[in-house]
Amino acid sequence: MVYIKDLSKHVGEEVTLKGWLYNKRSSGKIKFLILRDGTGYLQCVAFKGNLPEEKFELADTFSQETSFEVTGKVKEEKRAVGGYELDVTDLDLISAAENYPITPKEHGVEFLIDHRHLWIRSQRQVAILKIRHRIVKAIRDFFDDRGFTLFDPPILTPNACEGTSTLFETEYFDLGKAYLTQSGQLYAEAGAMALGKVYTFGPTFRAEKSKTRRHLTEFWMVEPEAAFFDLNDDMDLAEEFLEYIVQTVLKDNQEDLKILERDTSTLEKVKRPFPRISYDEAVAILKENGVDFEWGNDFGGGDETIISSKFDRPVMVHRYPSEIKAFYMKRDPDNPKVALAVDVLAPEGYGEIIGGSQREDNLDLLLQRIKEHELPQEFFEWYLDLRRYGSVPHAGFGLGLERTVSWICGLEHLREAIPFPRMIYRNTP
RNA sequence: UCCGCGAUAGCUCAAUGGUAGAGCAUGCGGCUGUUAACCGCAGGGCUGUAGGUUCGAGUCCUACUCGCGGAGCCA
């Protein structure tokens with residue numbers, strides 16, 4: 001048995017393939033069966049007379065998504081999808097598929113998402129999932145090659161990490177409530193004090209009732225954290241990281257990007273250095289564009305689009321008002337009103353894909369922040385220990401995997417960037 | 001939580017307040033190079049639910065349910 005992606009090595013040979021029927025066309029004495037096997041698409045041509053009569057008729061009984069085995073000679077054929085074609089000499093049914101719900105015509109998003117378990121078989125979804133896989137591998141390769149150690153944080157946690165988001169709650173035996181993690185960052189900080197440079201990579205959960213195309217309740221996040229990094233080191237890392245991911249996908253997934261009809265010219269521009277602007281400069285941009293924006297507020301989705309539209313590559317916005325940022329972010333010694341935080345805004349309106357900061361490494365200041373945010377100090381004692389025993393400057397960031405996939409693939413909605421999206425009104429299939 | 005929009009055949013959508021229609025899918029027939037193939041025929045509907053207005057409601061009104069998008073919050 002061979003796979004469609006390897007057909008170039010078998011031109012002229014008779015081979016057997018297995019897969020599913022993607023589409024079928026017939027014209028009397030000739031039938032075209034489009035086979036898909038997860039690695040590609042292949043037009044199988046059944047000429048009457050080239051295969052036993054009963055096998056020729058068997059093809060008529062195959063409906064969309066029927067699984068079957070096919071044998072024939074491989075030849076190059078410009079007219080066919082993928083550039084190769086199979087002259088069928090034998091054909092066998094594996095299992096029938098009656099009335100497959102997703103037909104070759106248009107469907108609404110609601111119908112497709114109801115049938116997500118089948119929708120992922122379609123060409124477009126396969127391309128997205130392959131790119132997602134390549135991005136995940138690029139992320140791991142990037143950090144592994146730069147001395148970062150994978151460090152898995154717990155998913156069940158006793159408290160709200162940043163004390164702001166609404167979290168999913170569950171009963172944890174006799175210990176009361178536990179929550180699904182919204183970030184592995186605090187644990188990553190502990191890891192950085194042990195291993196120097198670490199990254200976490202796993203699912204995170206937000207119970208916010210967000211009803212937008214940019215939100216999921218369950219999504220994947222990668223969070224590097226490095227000891228002895230300041231904000232500039234953090235931004236250097238973030239831009240090298242994004243450049244690597246985008247250029248890797250451009251190198252390895254041209255076919256998939258073509259299927260998605262992604263305009264790759266904007267992705268090709270994702271090269272260092274990225275523009276770095278302060279929050280103040282970003283506010284000035286908004287005001288120049290007629291937005292009535294008050295210093296101290298956070299940017300909304302529309303604001304982010306305006307700011308990012310001024311640049312041809314991702315833009316890093318740093319030094320946000322500390323009031324709107326998490327308690328653990330270090331304040332700028334030159335201006336305590338702002339935090340040493342950075343958000344990276346993707347181009348083309350895809351918004352914030354990275355949020356990061358230098359962390360507060362001073363015990364007394366951190367204690368003060370916890371009080372100001374009215375957080376329960378007892379839950380943070382272990383975190384405060386990191387400042388009690390050899391505290392060092394450190395920084396890190398979090399990158400949302402689905403937003404990154406969404407941006408690189410040019411998707412309309414985050415729900416296509418993950419195999420089984422979890423949204424506020426949907427947890428099936 | 002708030003603000004908009006929507007719900008008609010398996011799917012995508014039409015239908016001035018006056019007999020509920022098309023394309024795709026499905027079934028049958030035709031075609032030796034098709035590219036979401038094409039041509040012909042056929043089956044397929046309690047118009048989201050409950051009320052109301054009207055001689056008459058898919059269409060107008062009210063409530064509800066479900067969904068979609070946006071705000072807030074964030075990756």
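The shown structure was predicted, so the numbers you read here are calculated from the model rather than taken from an experiment. The sequence lines fix the lettering, A, B, ..., with proteins before strands; numbering per chain opens at 1.
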In short, A:Ile131 meets A:Leu260 closest at the heavy-atom pair CD1-CD1, 3.7 Å
Atom-pair distance (NZ on A:Lys24; P on B:C24), nearest Å:
16 Å
Mind checking if A:Asp343 touches a base, just sugar-phosphate, or nothing, with heavy atoms under 4.0 Å?
nothing
Please name the nucleotide paired to B:U1 by Watson-Crick or G-U wobble geometry with both distances under 3.5 Å, or report none.
B:A71
Whole-angstrom distance between B:A20 and B:G67, as gauged at atom P:
32 Å
In the structure shown, which nucleotide is the Watson-Crick or G-U wobble counterpart of B:G58, with both distances under 3.5 Å?
none
B:A75 P sits how many Å from A:Leu411 CG, rounded?
20 Å
What is the distance, to the nearest angstrom, from the CE atom on A:Met423 to the P atom on B:C73?
22 Å
Any salt bridge (charged side-chain N to carboxylate O under 4.0 Å, His left out) involving residues 11-26 of chain A? Give me the pairs, sequence neighbours left out, ordered by first then second residue.
none
Given atom CZ of A:Arg132 and atom P of B:A75, what is their separation to the nearest angstrom?
17 Å
Kindly indicate whether the side chain of A:Val342, heavy atoms from C-beta on, has any atom under 4.5 Å from the side chain of A:Ile354.
no
What's the spacing between A:Leu86 CG and A:Leu35 CG if we round to 0.5 Å?
8.5 Å
Are any of the side-chain nitrogens in A:Glu416 or A:Arg124 under 4.0 Å away from the carboxylate oxygens of its partner?
yes
Atom CD of A:Glu208 and atom P of B:C73 are separated, to the nearest Å, by 10 Å
Please encode protein proximity along nucleotides 4-10 of chain B as a string of B, S and -, counting only heavy-atom distances under 4.0 Å.
-------
With C1' as the reference atom in both, quote the distance from B:U53 to B:A42 in angstrom, rounded to an integer.
41 Å
Kindly compute the distance separating CD1 (A:Ile102) from CD (A:Gln125), expressed to the nearest 0.5 Å.
9.0 Å
Closest to the side chain of A:Phe219, out of B:A75, B:U34, B:A71, is B:A75
Quick one: pull up CZ in A:Arg262 and CG in A:Asn253 and give me the separation to the nearest 0.5 Å.
13.0 Å
A:Arg214 side chain near B:A71 phosphate (N/O to OP1/OP2, under 4.0 Å):
yes
Separation of B:A71 P from A:Glu304 CD (nearest whole Å)
10 Å
Which residues within residues 25-38 of chain A lie with some heavy atom under 4.0 Å of an atom in RNA chain B?
A:Arg25, A:Ser26, A:Ser27, A:Gly28, A:Lys29, A:Ile30, A:Phe32
According to the Watson-Crick and G-U wobble definitions, with both distances under 3.5 Å, which nucleotide is paired to B:G23?
B:C11
Atom-pair distance (CZ on A:Arg213; C1' on B:A75), nearest Å
17 Å
Inter-nucleotide P distance (B:A9, B:U47), Å rounded
10 Å
Nearest-angstrom distance, P atom, B:U16 to B:A7
14 Å
In terms of side-chain heavy atoms of A:Thr212, which of B:G72, B:G33, B:A75 is nearest?
B:G72
Any carboxylate oxygen within less than 4.0 angstrom of a Lys/Arg side-chain nitrogen, looking at A:Arg331 and A:Glu360?
no
Give me the distance, rounded to whole Å, that separates B:A57 from B:A50 when you measure between the P atoms they each carry.
15 Å
Tell me if the side-chain of A:Glu98 makes a donor-acceptor pair with the base of B:U26, cut-off 3.5 Å, by modelled atom types.
no
Spacing between A:His115 atom NE2 and B:G67 atom P, to the nearest angstrom
16 Å
Is the backbone of A:Arg422 close enough, under 3.5 Å, to the side chain of A:Thr217 for a donor and an acceptor to pair up by distance?
yes
Is A:Lys73 atom NZ crowded by more than 12 heavy atoms from other residues, nucleotides or ligands, each under 6.0 Å away?
no
Nearest-angstrom distance, P atom, B:G56 to B:A14
28 Å
Kindly indicate, with the supporting measurements, whether the criterion side-chain hydrogen bond (donor to acceptor under 3.5 Å, both in side chains) is fulfilled by A:Asp298 and A:Tyr320.
CA-CA 8 Å; A:Asp298 207 349; A:Tyr320 282 76; 5.3 Å; no
Between B:G21 and B:G58, how many Å separate the two C1' atoms, rounded to a whole number?
12 Å
Residue matched to B:C66 through Watson-Crick or wobble contacts both under 3.5 angstrom:
B:G6
Side-chain atoms of A:His413 come closest, of B:G72, B:G33, B:G69, to B:G69
Distance between P atoms of B:C68 and B:C41 (Å, rounded):
39 Å
Contact class for A:Leu399 vs. all strands (heavy atom < 4.0 Å): base, sugar-phosphate, or nothing?
nothing
